[in-house]
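Notes follow once the structure below has been shown.
All of these numbers come straight from a predicted model, not from anything done at the bench. Residue numbering restarts at 1 for every chain, and letters A, B, ... go by the order of the sequence lines.
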Amino acid sequence: MSDAAHAHDDHGHGHPSGVMRWLTTTNHKDIGTLYLFFALIMLFVAGSMALLIRAELFQPGLQLTNPDFFNQLTTMHGLIMIFGVIMPAFSGFANWQVPLMLGAPDMAFPRMNNWAFWVLPVAGLLLMGSFWLPGGAVAGGWTMYPPLFIQGGISYDLTILAVHIMGLSSIMGSINIVTTILNMRAPGLTLMKMPLFCWTWLITAYLLIATMPVLAGAVTMLLTDRNFGTHFFNAAGGGDPVMFQHIFWFFAHPEVYILILPAFGIVSQVIPTFARKPLFGYASMVYATASIAILSFIVWAHHMFTVGMPAAAQLFFMFSTMLIAVPTGVKVFNWVATMWKGSMTFETPMLFAIAFVCLFTIGGFSGLVLAIAPVDIQLHDTYYVVAHFHYVLVSGALFSIFAGIYYWLPKWTGHMYDETLGKWHFWLSVIGMNIVFFPMHFLGLAGMPRRIPDYALQFTEFNQIATVGAFIFGFSQLIFLIVVLKTIKGGAKATDRVWEGAEGLEWTLPSPAPYHTFETAPVVK
Amino acid sequence: MAVGNAKTLAKLVVVTLGMFGFGFALVPFYYKICEVTGINSGAEQSLVKNTQIDSSRWVTLEFDANTNEALPWRFKPLQRSLKVHPGQLIQVEYEVSNISDQPIVGQAVPSYGPARAAEFFRKIECFCFTPQTLAAGETRRMPVLFVLDPEMDKEVHTVTLSYTFFDIGTKVQTGSGRSLPHG
């Protein structure tokens, strides 16, 4: 971004230019930019898959895909959106913002930071390349359940390796973030004075360090079951496929908070800025984030109520899951209380943040419905679940990413984005998103199963509504692409503070933020 | 600062490796939990548990074997007595030998003491169902598979099962097994 602005610095320090600059860079801003562009490209890749899925589901029967290719699409859409879009985008924010917010010159381990990013495209190639291999890409679902996942072809091995690589990338990134936050804060910036974005990322990074290795272990067991004759999950050899679900969800429930805690952080930066009030209940926000993270380790089996477990276990997982609604409720209350009697203005970042608060809460409530074990047994693997997790991941995680991009893009590029186009992007996204996913609640309640390319005739109308919404939502993301590219190229000059109500160290820097910042640490009183 | 970072890095790498190991440690942990709590033990599921056994009382079974004096066979039970619960599936064995020098066809006829126990003695498989042909000098072990009906009178504490083998000569009665389903 803003190459002209850096050009002087680059030559001054004898840095390589062109492709080599990006391949060898150890600058946290460059790496943040790389992460964000990677996520942007992958958003369009995995989004196109979603549009193919929705096009197929426009009518009952098979029109565009065969069932096997449809399963490949749902699997790859899930894997790429999680590991290729949401997680890299949050890593991009962390790389750009954590050093700027802490007054640190860079991340703690710049060379490792470079590696953490550059292994990601390799994983992306392994995943995407498998579409052209015999048998096609993985079709066993993003959850990788055996026995299906120990029976597939070569692409299943490649996917397992890709998951290993993406896990390694996240672990390296997380170690960097934890070390930076713990050791490199500006003098006077105590932990409890840190911007909430840093807090949520610190806790997220700990979650990643604790759970990604467990996923690595689980997929390693899949790999040895497939290729080296072990029987961890192969029932024919005395293994237990249900055990995979337990190990997987021990990772993957914390993972869903990994996908949402940084979103909480971004929204907690944006709302106070545009309400022109400090964040309400800062300390309770920190404790709520930590509580959510700790509780996330003891609720995993609510993803698998239907595998059969004793009533006592069902009750435990049901009530512990519901308990998570308490700290989450504290957060929603605090955001609303921050806006209460604030001098609010509604620029695009604020619109996305408010939509986040409203729509994420809907997703949270449908999650609460699914937490009820007897209800979940009825709704398991229906479109109700699809509606639930898209409300928390699209209008939750993705909308917070949009909010963050609009919020910090002027600081990063030195240019204001086009507010009119931003508002178009927001309104089309928020309307389109609800047209896609709201009818899915009804489809699920009526019993339409997920991951099936065909459906019974009575589901047709709601599916057609969802497909129309999907195309509105999907194509309105092109507006986002245009806004971002236009802002990088030029636009009205952004002031240093950018937003009237913005607080924090990053806003004391010039816009665009120079290539090297805080080489002498600022002092925070 | 750099020393501090290296220390933090070392700690976090240890945590990472520890959690990788923890993923594998979950495997024995999972099986131990299943074993201790008794969930997921497919062989002992309640569906296949025999609920027909009356474990509140014991019945002593005595086994007796005789041959008709005209039959040159030696015949004995391999166990004299057994303590069982009504409803249990029981298998016992008898041994019979032809001590003559020619093949003989014999058939066993059971009797019960007390006689009212007879209708509760449910045989599933018995050598008495069919005629037995023994070659000269042949010895054979033969099973009886049966269930004592839990409906049997509570005051019956001992049941005697007695067989007597008769010579039925060369006349092979294939249908006789059906006429003697409970002896």
Side-chain angles (χ1 to χ4, degrees), chain A residues 104-105 107-110 112 164 167-168 170-172 174-185 205-221 224 230-233 235 238-240 242-248 250-251 254 300 307-313 521, chain B residues 1-57 85-91 124-125 143 145 147 150:
Chain A
M107 299 293 277
F109 307 108
M112 188 162 83
H164 275 129
L168 196 66
S170 318
I171 290 168
M172 289 195 285
S174 301
I175 288 177
N176 231 326
I177 290 166
V178 170
T179 312
T180 309
I181 293 177
L182 291 184
N183 297 354
M184 295 174 65
R185 297 188 309 277
Y206 271 119
L207 280 179
L208 277 164
I209 292 168
T211 60
M212 267 295 166
V214 177
L215 175 70
V219 297
T220 305
M221 288 184 235
T224 58
T230 59
H231 298 289
F232 287 107
F233 309 125
D240 190 343
V242 173
M243 182 172 69
F244 177 85
Q245 300 191 19
H246 281 287
I247 301 176
F248 177 82
F250 181 84
F251 145 79
W300 75 91
V307 300
M309 61 180 90
Chain B
M1 182 83 74
V3 178
N5 286 353
K7 255 189 186 167
T8 311
L9 174 68
K11 280 183 202 161
L12 294 174
V13 168
V14 168
V15 173
T16 304
L17 295 178
M19 288 310 289
F20 186 68
F22 178 76
F24 285 88
L26 283 174
V27 175
F29 186 65
Y30 173 79
Y31 285 113
K32 198 71 204 168
I33 291 256
C34 289
E35 187 193 315
V36 170
T37 56
I39 44 181
N40 206 26
S41 45
E44 295 163 25
Q45 284 190 3
S46 54
L47 284 175
V48 294
K49 203 177 277 171
N50 189 343
T51 56
Q52 301 305 308
I53 296 174
D54 178 2
S55 48
S56 66
R57 61 178 170 143
H85 289 304
Q88 250 179 309
L89 184 67
I90 316 287
Q91 180 169 346
I124 293 150
E125 179 55 60
L145 193 64
V147 173

Subject >> Segment of Ile171(A) engaging chain B (4.5 angstrom heavy-atom cut-off) >> reply: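 Looking at Ile171(A), just its side chain touches chain B.
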
Subject >> Region of Met112(A) in contact with chain B, defined by heavy-atom distances below 4.5 Å >> reply: side chain

Subject >> Heavy-atom donor-acceptor pair, Asn183(A) side chain to Gly4(B) backbone, under 3.5 Å >> reply: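 Side chain of Asn183(A) to backbone of Gly4(B): a pair is present.
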
Original post:
Hey, is the main chain of Thr224(A) close enough, under 3.5 Å, to the side chain of Thr230(A) for a donor-acceptor pair?
Top reply: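 Between the backbone of Thr224(A) and the side chain of Thr230(A) there is a qualifying donor-acceptor contact (under 3.5 Å).
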
**OP:** Answer yes or no: is there a side-chain heavy-atom contact under 4.5 Å between Met107(A) and Ile177(A)?
**Re:**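 Yes. Closest side-chain heavy atoms under 4.5 Å.
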
Original post:
Would Phe250(A) and Tyr30(B) count as a close aromatic pair, with their ring centres under 6.0 Å?
Top reply: no

Subject >> Under 4.5 Å from any heavy atom of chain A - which part of Phe24(B) >> reply: both

Subject >> Contact winner vs chain B - Phe109(A), Tyr206(A), Phe251(A), heavy-atom pairs under 4.5 Å >> reply: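 Sorted descending by pairs with chain B, the first entry is Phe109(A).
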
**OP:** Specify which of Ala108(A), Ser174(A), Ala313(A) makes the most heavy-atom pairs with chain B at under 4.5 Å.
**Re:** Ala108(A)

**OP:** May I ask you to name which of Val13(B), Val15(B), Leu26(B), Thr16(B) has the most heavy-atom pairs under 4.5 Å with chain A?
**Re:**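 Option with the top pair count is Thr16(B).
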
Subject >> Taking every non-hydrogen atom, the tightest pair across Asn176(A) and Thr180(A) >> reply: O-OG1, 2.6 Å

